[in-house]
Amino acid sequence: MEGDLHQILIPVRDYDLAATLSSGQAFRWRGRDPQNPCWDGVIAGRWVRLAAVPGGIVARTAVPCADWHWLTDYLQTGVDLEAIVATFPEDAPLRLSVAACRGLRLLRQDPWECLVSFICSSTKQIVQIQQIVDRLCQGHGEAVTVPPDASPAWAFPSPARLAAVDEAVLRGCKMGFRAPYVQAAARAVTAGRLDLGRLRGMSCAAAREALSDLPGVGAKIANCVLLFAYGFQDAFPVDVWVMKALRELYFPRRRPSPARLQRFIDTYFGPNAGYAQQYLFHYMRTARRKSIESPAVIPSNVPRLI
DNA sequence: TACCAGGAGAGCG
DNA sequence: CGCTCTCATGGT
């Protein structure tokens with residue numbers, strides 16, 4: 001592998017690639033060949049195939065590559081997961097969530113792609129979001145170089161490109177009432193009213209406000225972008241799944257007011273609340289669902305914490 | 001068929 | 001505030 005500019009082994013431990021790439025934070029990864037599992041995707045305009053191996057993650061590109069920082073940054077292979085999990089509060093729900101999927105990670109995605117993807121995510125299932133994003137890329141993104149054994153692939157369309165297409169064309173990507181929101185975001189970025197790069201230097205709260213100025217972007221979607229693209233690890237998106245987890249696991253008596261809930265989120269989960277959120281989300285969607293068939297996995301009485 | 005999906009915004013009392 | 005309704009589309 002030395003000197004091979006198309007392939008690299010990224011050494012990392014405690015990294016569940018499959019869970020991370022299919023956990024609803026990114027929507028462009030396609031698993032192929034269940035016998036020898038690997039994942040095809042496009043990052044920053046480059047096609048890449050990833051596979052988990054004993055020592056870490058093997059990546060293969062279609063074009064030669066001397067500097068792999070774009071990939072290690074995306075995958076966040078440098079973060080010390082052990083240290084992050086250690087900051088979680090010690091309670092039964094989080095212990096179960098971490099045990100159910102050790103190695104689940106947060107990615108560091110491109111802000112524009114992340115923003116548009118999550119604008120399209122509202123009241124959509126993950127498979128549908130994947131379809132919308134696929135159509136968006138295939139219809140409006142630049143084709144990228146792929147190896148002979150891979151499916152054709154496209155980069156995520158630029159703000160300028162999406163600002164130029166008609167709303168009806170966006171609706172053709174099956175995003176429905178979200179089309180004008182995507183168009184407005186594209187125009188805000190293209191016109192310079194929203195500088196996505198500048199958000200990096202902002203506080204989490206200021207960046208949240210800037211994003212929330214966009215139509216179709218409320219607290220939930222803003223928090224997704226803050227967490228998945230900018231790495232604000234205290235951002236805590238609350239969707240239907242996480243709300244379900246919070247209510248069942250932490251507020252089993254009566255449902256808290258929005259203000260009470262927000263205060264709980266801000267104070268309880270600690271500096272890596274976003275990671276905690278991702279574990280709860282994944283647990284509710286997967287491990288807990290399976291538990292319907294094997295109820296023994298789930299304790300019937302999760303300790304009441306509040 | 002009916003229900004609902006990693007929501008947001010507007011209209012209401 | 002807190003509730004309800006609507007928006008568009010397709011998976012299950």
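Letters A, B, ... are given to chains in the order of the sequence lines, protein chains preceding strands, and every chain is numbered from 1. Worth saying up front: this structure is predicted, and the values here are computed from it rather than measured.
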Rounded to whole angstrom units, what separation is found between the [atom1] atom of [X] and the [atom2] atom of [N]?
X: A/Leu106; N: B/dG6; atom1: CG; atom2: C1'; result: 14 Å
X: A/Lys174; N: B/dA5; atom1: NZ; atom2: C1'; result: 18 Å
X: A/Arg285; N: C/dT12; atom1: CZ; atom2: P; result: 12 Å
X: A/Asp239; N: B/dA8; atom1: CG; atom2: C1'; result: 14 Å
X: A/Phe27; N: B/dA5; atom1: CZ; atom2: P; result: 15 Å
X: A/Ile126; N: C/dT12; atom1: CD1; atom2: P; result: 12 Å
X: A/Ile129; N: B/dA5; atom1: CD1; atom2: C1'; result: 8 Å
X: A/Glu167; N: C/dC7; atom1: CD; atom2: P; result: 15 Å

NA contact type, [X], heavy-atom cut-off 4.0 Å: base, sugar-phosphate, or nothing?
X: A/Gln130; answer: nothing
X: A/Gly24; answer: base
X: A/Ala179; answer: nothing
X: A/Arg178; answer: base
X: A/Ser23; answer: base
X: A/Leu170; answer: nothing

Exercise. How do A/Pro258 and A/Thr123 order along DNA chain C: which one's closest nucleotide is nearer the 5' end?
Worked result: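 The answer here is A/Pro258.
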Exercise. Choosing from B/dG9, C/dG10, C/dA8, which nucleotide comes nearest the side chain of A/Gln125?
Worked result: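 Given the options B/dG9, C/dG10, C/dA8, the side chain of A/Gln125 is closest to C/dG10.
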For this session: Can you figure out which of B/dG6, C/dC3, B/dG7 approaches the side chain of A/Arg255 most closely?
Result: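 Out of B/dG6, C/dC3, B/dG7, the nucleotide with an atom closest to A/Arg255's side chain is C/dC3.
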Problem set entry | From CG (A/Leu246) to CZ (A/Phe251), nearest 0.5 Å |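 Between A/Leu246 CG and A/Phe251 CZ, I get 7.0 Å after rounding to 0.5 Å.
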Exercise. Measuring from A/Lys124:NZ to A/Ser117:OG, what's the distance to the nearest 0.5 Å?
Worked result: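 It is 14.0 Å, given to the nearest 0.5 Å.
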Problem set entry | Earlier contact from the 5' end, DNA chain B, for A/Val217 and A/Cys224 |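 Whichever sits nearer the 5' end wins; that is A/Cys224.
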For this session: Can you label the angle between the A/Tyr181 ring and the A/Phe177 ring as parallel, tilted or perpendicular, going by 30° and 60°?
Result: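 Plane angle over 60°, so perpendicular.
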For this session: For the pair A/Tyr250 and A/Phe264, name the ring-plane relationship: parallel under 30°, tilted 30 to 60°, perpendicular over 60°.
Result: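 It falls in the tilted class, 30° to 60°.
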Exercise. Do A/Gln128 and B/dG6 share a donor-acceptor pair, side chain to base, under 3.5 Å?
Worked result: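 Answer no: no donor N or O sits under 3.5 Å from an acceptor.
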Exercise. Any donor-acceptor pair under 3.5 Å between the side chain of A/Gln131 and the base of C/dG11?
Worked result: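 No, the side chain and the base share no sub-3.5 Å donor-acceptor pair.
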Exercise. When the P atoms of C/dT6 and B/dG6 are considered, how many whole Å apart are they?
Worked result: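 The same atom, P, in both gives a distance of 22 Å.
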Problem set entry | C/dC5 and B/dC3, which share atom name P, separated by this distance in whole Å |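 It comes out at 15 Å once rounded to the nearest Å.
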Exercise. Looking at A/Lys174, A/Arg28, A/Arg30, which one forms a side chain to side chain donor-acceptor pair (under 3.5 Å) with A/Asp134?
Worked result: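 It is A/Arg30; the other options fail the test.
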Exercise. For the residue pair A/Ser121 and A/Lys220, what are the closest heavy atoms and their distance?
Worked result: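 Closest heavy-atom pair between A/Ser121 and A/Lys220: OG-NZ, 4.3 Å.
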